[in-house]
*Asks:* 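First the structure, which I've put down as structure tokens, then a few questions once you've had a look.
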Amino acid sequence: MVRPCVGVLALQGAFREHAAAVTRLGAEAREVRQLGHMDGIDAMIIPGGESTTMGKLLVELGMLDPLRQRIENGMPVYGSCAGLILLCREIENSTQPRLGVLDATVRRNAFGRQVDSFETELDLPELGLPPFPAVFIRAPVLTGVGSRVRVLAEVRGQAVAVRQDNVLATSFHPELTPDTRLHRYFLDMCGN
Amino acid sequence: MEQGTIRLKTGLAEMLKGGVIMDVTTPEQAKIAEEAGACAVMALERVPADIRAAGGVARMADPTIVKKIMEVVSIPVMAKARIGHFVEARVLEALGVDYIDESEVLTPADDRYHIDKRDFTVPFVCGCRNLGEALRRIAEGAAMIRTKGEPGTGNVVEAVRHCRQVMDEIRMLCALPDAEVPNFAKECGAPLEICLAVRNEGRLPVVNFAAGGIATPADAALMMHLGCDGVFVGSGIFKSGDPAKRAKAIVQAVTNYKDYALLAEISRDLGEPMVGIEISSIPDAERMQERGW
């Protein structure tokens, strides 16, 4: 695949920043707001935003099942923050709509409210050195992961970056910093 | 580890983009808003239309109301402090609200100074009618901007006017020769370095939502077309006939604001919209947009 077309789910949230990041790396970015916009995409990014809003819109627009199908058929997907929540099989204390393709349990707003949001330098061995600048905004953590899930980074002993085959997820927001290593890593997953 | 940084403050606003922030006055309304797909709620004692009708001095909401709303929803909760009332803002920060709106909907507490917002951990959103006002608020530490419109009227004309004004001035600033930029900054009353940042990016350095008079899905879509990043809906939802249905329709309209067939579908059978007010019928002294500077 010479130049992958990366769909960025643009129902709500920080989709513009993800699109800018993959464009900087030479991929084509396409905003996906309806089912038809998914035709021809090679990969999908689900941005940060409000997971309940995005989940409801995915249902109302008839996109939830087709997107799940694409991911189960091997399409690479990356979810940050709200995107991670939507990918998880279990969401603590919630019945909100989800894709459920990541064998993990997520706790929303795990660090507290906005006043508890933080920035830190994260050890993420898969991306090498230096540590990765990680922005956690009302961020979730994974409180349990299945055997197929590889933990890429932790904060206070809990998983904040994971990969399960074609599924990549982080509780932080690489799209808000200039460091493009994580998007590069995802594009590499797309066979680029 | 760092907290309260400008990146965290502006970052939360980035996460709200493409969404609808709804005014709510009870936990029940907050649940309806969340269920409809709001990306955040604004916890209030009264919606702007009722504040307008009641007259008198409008203040920060009772912390009990704010707390109760924070307990029932998982989405971000915002609350309003009076312009310049940094103690109300500190109280809201202590309560743990996710965003503070230093708002002209409440009666201003200081006739000279807005809150110094840089000193807080919690982020602030502020209203504006033009670029200078937006950039002064950003200089004071606002991490998000909204056009003021005229709150509590159900009349979108002022929101449109303020949005167009900001966009026009940004285009003008970008087109000026370098030599004229310092004078532009002086005339609009904004720091030169923020004017240069706007000129560099071709847009405001923070997220900009529309507010003040949005009552229908078409109103919300109109504001998105004009370049806003999302919308606040105040009285427009819970002063209408079928709040749950209207709220859901407005959420859909903001996401797919360019799909007119979809807008036609979701605009059907929404029940009575809120009663609107013609702007010229409001005496100057009662126009909320004139508060702040």
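Per chain, numbering begins at 1; letters A, B, ... match sequence-line order. Side chains included, hydrogens not; waters and symmetry mates left out as well; all remaining heavy atoms used.
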*Asks:* Report which part of B:Ala40 has an atom under 4.5 Å of a heavy atom belonging to chain A: side chain, backbone, both, or neither.
*Replies:* neither

*Asks:* Does any non-hydrogen side-chain atom of B:Met60 lie less than 4.5 Å from one of B:Ser103?
*Replies:* no

*Asks:* What residue in B:Ser74, B:Gly230, B:Gly18, B:Ala38 has the most heavy-atom pairs under 4.5 Å with chain A?
*Replies:* B:Ser74

*Asks:* Should B:Glu102 and B:Arg137 be marked as a salt bridge (charged side-chain N to carboxylate O under 4.0 Å, His left out) after you check the CA-CA gap, both sets of side-chain angles, and the distance that decides it?
*Replies:* CA-CA 10 Å; B:Glu102 186 183 18; B:Arg137 296 295 87 78; 5.2 Å; no

*Asks:* Within the supplied structure, the quantity of interest is the number of heavy atoms (other residues, nucleotides, ligands) at a distance under 6.0 Å from B:Gln3 CD; does it exceed 12?
*Replies:* yes

*Asks:* Minimum heavy-atom separation for A:Val6 to A:Ala27, with atom names?
*Replies:* CG2-CB, 4.2 Å

*Asks:* Relative to chain B, which segment of A:Ala82 carries a heavy atom at a distance below 4.5 Å: side chain, backbone, both, or neither?
*Replies:* neither

*Asks:* If I measure from the heavy atoms of chain B, does A:Arg113 come under 4.5 Å with its side chain, its backbone, both, or neither?
*Replies:* both

*Asks:* Taking side chain as everything from C-beta outward and backbone as N, CA, C, O, which of these in A:Arg138 sits under 4.5 Å from a heavy atom of chain B? Side chain, backbone, both or neither.
*Replies:* side chain

*Asks:* Could you look at A:Glu175 and say if it's the side chain, the backbone, both or neither that has a heavy atom under 4.5 Å from chain B?
*Replies:* side chain

*Asks:* Closer than 4.0 angstrom, basic N to acidic O: yes or no for B:Asp229 and A:Arg16?
*Replies:* yes

*Asks:* B:Val77 versus chain A, heavy atoms under 4.5 Å apart: side chain, backbone, both or neither?
*Replies:* both

*Asks:* With a cut-off of under 6.0 Å to the ring centre and 45° to the axis, is A:Arg156 in cation-pi contact with A:Phe118?
*Replies:* yes

*Asks:* Please determine, among A:Asn93, A:Thr52, A:Ile137, the option with the most heavy-atom pairs under 4.5 Å with chain B.
*Replies:* A:Ile137

*Asks:* Look at A:Arg108, A:Glu121, A:Lys56 and state which one has the largest set of heavy-atom pairs under 4.5 Å with chain B.
*Replies:* A:Lys56

*Asks:* Tell me, please, whether B:Phe120 has B:Arg90 positioned over its six-membered ring: NZ or CZ under 6.0 Å from the ring centre and within 45 degrees of its axis?
*Replies:* yes

*Asks:* Restricting to non-hydrogen atoms, name the atom on B:Lys245 and the atom on B:Arg268 that form the minimum distance, rounded to 0.1 Å.
*Replies:* NZ-O, 4.1 Å

*Asks:* Should A:Leu102 and A:Cys88 count as side-chain neighbours, where that means a heavy-atom distance under 4.5 Å?
*Replies:* yes

*Asks:* Go through the atoms of A:Leu57 and report whether side chain, backbone, both or neither lie under 4.5 Å from a heavy atom of chain B.
*Replies:* side chain

*Asks:* Specify which of B:Lys248, B:Glu93, B:Glu34, B:Lys17 makes the most heavy-atom pairs with chain A at under 4.5 Å.
*Replies:* B:Lys17

*Asks:* Name the member of B:Gly96, B:Ala13, B:Gly4, B:Ala36 that forms the most heavy-atom pairs with chain A at distances under 4.5 Å.
*Replies:* B:Gly96

*Asks:* What part of B:Lys9 gets closer than 4.5 Å to chain A, counting heavy atoms only: side chain, backbone, both or neither?
*Replies:* backbone

*Asks:* Please identify, among B:Ile75, B:Thr121, B:Thr10, B:Val122, the residue contributing the most non-hydrogen atom pairs under 4.5 Å to chain A.
*Replies:* B:Ile75

